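The block underneath contains the structure these notes are about, expressed in structure tokens.
First the proteins, then the strands, lettered A, B, ... as listed; each starts at 1. Keep in mind that this is a model prediction, so the values were computed, not measured.
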Amino acid sequence: MKKDKKIPTATKAKSYTFFEDVYDVVRQIPKGRVTSYGAIATYLGTKLSARMVGWAMNAAHNAKPAVPAHRVVNRNGMLTGKHHFATPTLMEELLKREKIEVKKETVVDFEKLFWDPSEALAL
DNA sequence: GCATTGACGAAGG
DNA sequence: CCCTTCGCCAATG
């Protein structure tokens with residue numbers, strides 16, 4: 001198969017692999033769990049570029065199947081990306097739907113709900 | 001082609 | 001303990 005997926009402005013088949021990896025990892029996040037950009041970045045080996053993970057999520061809006069970006073928060077457990085959703089409250093709604101408590105734009109018991117890809121996917 | 005920004009993170013003051 | 005700065009890499013202006 002082929003496929004060039006459809007990553008906008010990904011400079012042809014080259015760096016867009018990074019996007020695929022991010023999407024793949026995020027989709028594997030168990031329901032009712034959350035993770036951080038840094039954790040994903042670290043798993044991909046780009047821990048020094050956690051920002052790129054967030055950047056990838058930006059393109060994830062167009063990715064299919066839709067990437068559960070609502071399960072991805074910053075290292076503080078804060079829903080920093082909620083403003084990028086269809087509505088600023090959508091992210092909280094989705095999390096609460098998975099029994100995840102959200103208080104003041106922050107995931108409650110973030111440490112317990114934290115899902116580490118490096119551990120789950122264990123290489 | 002250079003300057004700015006960005007869904008982050010860690011370190012310094 | 002809170003705020004500011006730097007780093008990283010890619011995209012956008």
Side-chain angles (χ1 to χ4, degrees):
Chain A
M1 5 179 304
K2 48 213 20 294
K3 5 296 330 0
D4 292 88
K5 287 278 177 122
K6 284 182 133 227
I7 308 299
T9 60
T11 317
K12 285 175 173 209
K14 190 110 177 247
S15 313
Y16 85 98
T17 326
F18 177 78
F19 289 72
E20 285 190 341
D21 289 337
V22 175
Y23 302 153
D24 189 47
V25 173
V26 176
R27 288 196 204 104
Q28 293 179 68
I29 300 175
K31 183 179 176 185
R33 291 292 180 116
V34 292
T35 190
S36 63
Y37 304 96
I40 298 171
T42 302
Y43 171 70
L44 297 177
T46 57
K47 63 179 181 180
L48 296 179
S49 317
R51 309 176 105 167
M52 298 297 88
V53 178
W55 204 241
M57 309 258 60
N58 199 11
H61 278 281
N62 192 46
K64 288 179 245 166
V67 178
H70 62 275
R71 292 180 187 152
V72 185
V73 295
N74 69 357
R75 69 115 181 153
N76 198 20
M78 195 175 209
L79 283 57
T80 47
K82 60 182 291 181
H83 299 292
H84 291 260
F85 282 74
T87 59
T89 55
L90 179 61
M91 192 170 183
E92 293 182 39
E93 292 295 300
L94 292 171
L95 290 172
K96 288 180 180 178
R97 182 177 295 180
E98 301 188 2
K99 305 297 183 285
I100 298 177
E101 288 186 79
V102 178
K103 181 73 71 172
K104 301 287 200 316
E105 302 178 38
T106 305
V107 176
V108 180
D109 295 322
F110 173 64
E111 296 177 56
K112 293 198 303 184
L113 298 174
F114 185 78
W115 180 81
D116 189 339
S118 300
E119 185 180 306
L121 302 181
L123 39 143

statement: note: A:Y43, atom OH; B:dG9, atom C1'; distance rounded to Å ~ 21 Å

- request: Determine whether A:I29 and A:L113 fall in the same hydrophobic cluster, where Ile, Leu, Val, Met, Phe, Trp and Tyr are linked whenever their side-chain heavy atoms lie under 4.5 Å apart.
  value: no

- prompt: Considering only side-chain heavy atoms of A:W55, which listed nucleotide, B:dA10, B:dA7, C:dA11, is closest?
  reply: C:dA11

message: Would you say that A:E92 contacts A:V102 through its side chain, given a criterion of any heavy-atom pair below 4.5 Å between the two side chains?
response: yes

- request: Rounded to the nearest angstrom, tell me the gap between atom CG in A:N76 and atom P in B:dA10.
  value: 11 Å

- request: Over all heavy atoms of both residues, which pair between A:F110 and A:N74 is shortest? Give the atoms and the distance, please.
  value: CZ-O, 3.8 Å

query: Just by modelled atom types, is the A:H84 backbone N or O under 3.5 Å from a matching donor or acceptor in the A:H61 side chain?
result: yes

statement: A:D21 atom CG is separated from C:dA10 atom P, nearest whole Å, by 14 Å

message: Regarding A:A69, tell me which of base, sugar-phosphate or nothing describes its non-hydrogen contacts under 4.0 Å with the strands shown.
response: base

task: Take the protein atom CG of A:L94 and the nucleotide atom P of B:dA7, then report the distance between them rounded to whole Å.
output: 19 Å

field: Side-chain heavy-atom pair A:R71, A:K31 within 4.5 angstrom cut-off
entry: yes

query: When rounded to the nearest Å, what value does the distance between P atoms of C:dC8 and B:dG1 take?
result: 23 Å

- prompt: Roughly how far apart, to the nearest Å, are B:dC8 and C:dC1 at atom P?
  reply: 23 Å

task: Send over the distance from A:H84 NE2 to B:dT5 P, rounded to a whole Å.
output: 15 Å

Give me the distances for all protein-to-nucleotides 4-8 of chain C N/O pairs that come in under 3.5 Å?
from, atom 1, to, atom 2, distance (Å)
C:dG7, O6, A:R51, NH1, 2.9
C:dG7, O6, A:R51, NH2, 3.3
C:dG7, N1, A:R51, NH1, 3.3
C:dC8, O4', A:L48, O, 2.9
C:dC8, N3, A:R51, NH1, 2.7
C:dC8, N4, A:R51, NH1, 2.8

message: Expressed as a whole number of angstroms, how long is the span from A:M78:CE to B:dG9:P?
response: 12 Å

query: What about A:V73 and A:L90, same hydrophobic cluster or not, with Ile/Leu/Val/Met/Phe/Trp/Tyr joined at side-chain heavy-atom distances under 4.5 Å?
result: yes

task: Would you please confirm or rule out a distance under 4.0 Å between OP1 or OP2 of C:dC9 and any side-chain N or O of A:T46?
output: no

Spacing of A:L44 atom CG relative to B:dC8 atom C1', expressed in whole Å: 14 Å

message: With hydrogens left out and only the distance checked, is there a donor-acceptor pair under 3.5 Å joining A:H70's side chain and the base of B:dA7?
response: no

Smallest separation among heavy atoms of A:A50 and A:A41, with atom names: CA-CB, 3.7 Å

- prompt: Rounded to the Å, how far apart are A:N74 CG and B:dC8 P?
  reply: 6 Å

